[in-house]
Amino acid sequence: MITVKFLREDKEESIKYKENFKIDDVLKIFGYSSETAVVQRNGKINTEEETVKDNDEILIIPVVSGG
Amino acid sequence: MYCKCGKKAIIFRRYSGEKLCERCFNKSMIDRVKKVIRKYSLIEKNDRVCVAVSGGKDSLVLLHILKKLSEKYPFDLIALTIDEGIEGYRDKAIETVKRNCELLGIESRVYSFKKELGYPLDEIVKKDRELSSCSYCGVFRRYLLNKKTRELGCNKLAVGHNLDDEVQTILMNFLRGDLSRFGRTGPYYIYLNERFVPRIKPLREIPEKENVVYALSNNIEVEFSTCPYSGEAYRNNIREFLNKMELEQPTTKYSLLRSYDKIYSLLAKSLAKKLKYCEKCGEPTIGNVCKTCEFLEEL
Ligand SMILES: [Zn+2]
Ligand SMILES: [Zn+2]
């Protein structure tokens, strides 16, 4: 299982782990892309090209914020 | 995915093909800001620079980077914050600004719509009015930023506009045929009037996403929430369009900026309007009475 959290939101989602699944694929599931979100995997900033591992925790940080 | 130095990459810049680790990314951000400042002579020796700081990521990243640069090149910094009067949003952001200023040893000044102009935005929103609350807010904020920067004895006003803000604005004004506004998004300033402080945009070539990455990787405390009144529908559509195009063609935003900059050097002077002084408040304006005085009359 992969846990997906969203900055400033209480909701937490789980998705099934798949082999060769990229962070970019996770973003797409939730309507984001490499242009609209930054991702921390297990607390560290990662590129969207990185492959997800089972039991990873992904935090999605939308780019448009503040101001 | 690895950086050229061998460490793990934290960002992949699709527009340039660079993969950068945390250290190389941070260095590259500073270098790019430095380059823009030098290229257009945005800051000169012994300038007094007011930084418009809202508490959001862009303006705080700008403040942190300028502080770093000011340690090597002599110029002064003051953080200037406008409190529009949005309860539960700006009050929180102002605390964030203050903590950052304390950490950096920068003087922080806060001026409110309520005290300076009579109404907080929360009240303006409830009034019977002709335009969107964002129109009033933008006019009042720019008015106070210019006035206070000048009164604080500063000769530059630095704002946190990023690449995404800039290309959205350029395209919006172009599509609307608003040529006088279209001529105001340039990389350097044109001297207009002695009461109009030049605005500089050192982050103009930094994609918005990279400001987020910089804030996170440098543990900068920023306010990530968005304004409860925000919602410029037209800008949101343009943003979506540009992001979609950038995914298909990862140099779209930079190409648009470069094209604009070439046009700007040809058009800027002819599009710049001569400024007069407002009959009521004495601030610089295009007409006889400035927009702020006009709006205040109406409210
Ligand atoms: Zn590196
Ligand atoms: Zn006036």
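Chain letters run A, B, ... following the sequence lines, proteins first, then strands; residues in each count from 1.
For the pair B:Lys209 (side chain) and A:Val38 (backbone), a donor-acceptor distance under 3.5 Å is absent.
Within 6.0 Å of atom CZ in B:Arg258, more than 12 heavy atoms from other residues, nucleotides or ligands are found, so the atom counts as buried in its surroundings. Residue A:Glu9 places its CD atom among more than 12 non-hydrogen atoms of other residues, nucleotides or ligands, all under 6.0 Å distant. Other residues, nucleotides and ligands contribute more than 12 heavy atoms inside 6.0 Å of the OH atom of A:Tyr17. Atom CD of A:Glu12 has more than 12 heavy atoms from other residues, nucleotides or ligands within 6.0 Å. Other residues, nucleotides and ligands contribute more than 12 heavy atoms inside 6.0 Å of the CZ atom of A:Phe30.
In plain terms, the two heavy atoms of B:Lys8 and A:Asn46 that are nearest each other are NZ-OD1, 3.7 Å. Between A:Val64 and B:Glu208, the closest heavy-atom pair is CA-OE2, 4.0 Å. Closest approach of B:Val213 and A:Ile45 over heavy atoms only: O-CD1, 3.9 Å. Closest approach of B:Phe12 to A:Thr47, counting heavy atoms only: N-CG2, 3.8 Å.
Under a 4.0 Å N-O distance rule, the pair A:Glu48/B:Lys19 does not qualify as a salt bridge.
The shortest distance between side-chain heavy atoms of B:Asn243 and A:Ser33 does not fall below 4.5 Å. With contacts defined as side-chain heavy-atom distances shorter than 4.5 Å, the pair A:Glu50/B:Met1 qualifies.
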Please report the C-alpha distance between B:Lys253 and A:Glu35 in whole Å, then the side-chain angles of each, then the deciding distance to 0.1 Å, and finally whether the salt bridge (Lys or Arg N to Asp or Glu O under 4.0 Å) criterion is met. CA-CA 11 Å; B:Lys253 292 174 187 174; A:Glu35 283 301 302; 2.7 Å; yes

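Proximity to chain A (any heavy atom under 4.5 Å) is shown, for B:Ile10, by both the backbone and the side chain.
Every residue meeting the salt bridge (charged side-chain N to carboxylate O under 4.0 Å, His left out) condition with B:Lys92, not counting sequence neighbours, appears here in chain and number order: B:Glu223.
Looking only at heavy-atom pairs under 4.5 Å with chain A, the residue among B:Arg14, B:Glu240, B:Arg239 that has the most is B:Arg239.
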Would you give me the side-chain donor-acceptor pairs under 3.5 Å for residues 22-29 of chain A, sequence neighbours excluded?
{"from": "A:Lys22", "atom 1": "NZ", "to": "A:Glu49", "atom 2": "OE1", "distance (Å)": "3.1"}
{"from": "A:Asp25", "atom 1": "OD2", "to": "A:Lys22", "atom 2": "N", "distance (Å)": "2.9"}

